[in-house]
> 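Quick one: this structure, given as structure tokens, is what I'll be asking you about.
The figures that follow rest on heavy atoms only: side chains count, while hydrogens, waters and symmetry mates do not.
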Amino acid sequence: MNESTAWGTTEHLLARISDGLELANYLFIQAHSSDDISLEPPSPLPRPGQPEPEPPPAFEFASGAEVVDFFTQMNTL
């Protein structure tokens with residue numbers, strides 16, 4: 001049996017409402033707090049039948065030499 005059928009319409013709607021309230025509270029706190037405070041945005045409730053979200057890939061920053069080469073190439077155009 002498909003795991004997504006473990007929840008009915010009521011459970012899915014309640015999860016959406018909960019996610020919306022958490023996001024609204026997060027945005028309210030962010031808007032009314034100083035810039036020094038950084039909060040993590042809330043994560044949505046896990047739903048049955050949905051795969052776990054993958055973490056975002058780590059960024060690879062350019063080295064100083066790569067940045068210099070880029071601007072040198074842009075300068076010679």
> Spell out, as yes or no, whether a donor-acceptor pair under 3.5 Å connects the side chain of E22 to the backbone of D19.
no
> To the nearest 0.5 angstrom, please state how far the OG atom of S18 sits from the CG atom of L21.
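Going from the OG atom of S18 to the CG atom of L21 covers 6.5 Å.
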> To the nearest 0.5 angstrom, please state how far the CZ atom of F71 sits from the OG1 atom of T76.
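One gets 13.0 Å once the value is rounded to the nearest 0.5 Å.
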> Find the distance between CD1 (I37) and CD (Q30) and round it off to the nearest 0.5 Å.
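Here the interatomic distance stands at 8.5 Å.
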> Compare every heavy atom of R47 with every heavy atom of R16, then report the nearest pair and how far apart it is.
N-NH2, 3.4 Å
> So how far is it from T72 OG1 to L77 CG, rounded to the nearest 0.5 Å?
11.0 Å
> For residues L23 and I29: do they belong to one hydrophobic cluster (side chain heavy atoms under 4.5 Å, members Ile, Leu, Val, Met, Phe, Trp, Tyr)?
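Yes, it is one cluster - the side chains of L23 and I29 are joined through contacts under 4.5 Å.
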> Which pair of heavy atoms, one from P46 and one from W7, lies closest together, and at what distance?
O-CH2, 3.6 Å
> Minimum heavy-atom separation for A62 and V67, please, with both atom names.
CB-CG2, 4.0 Å
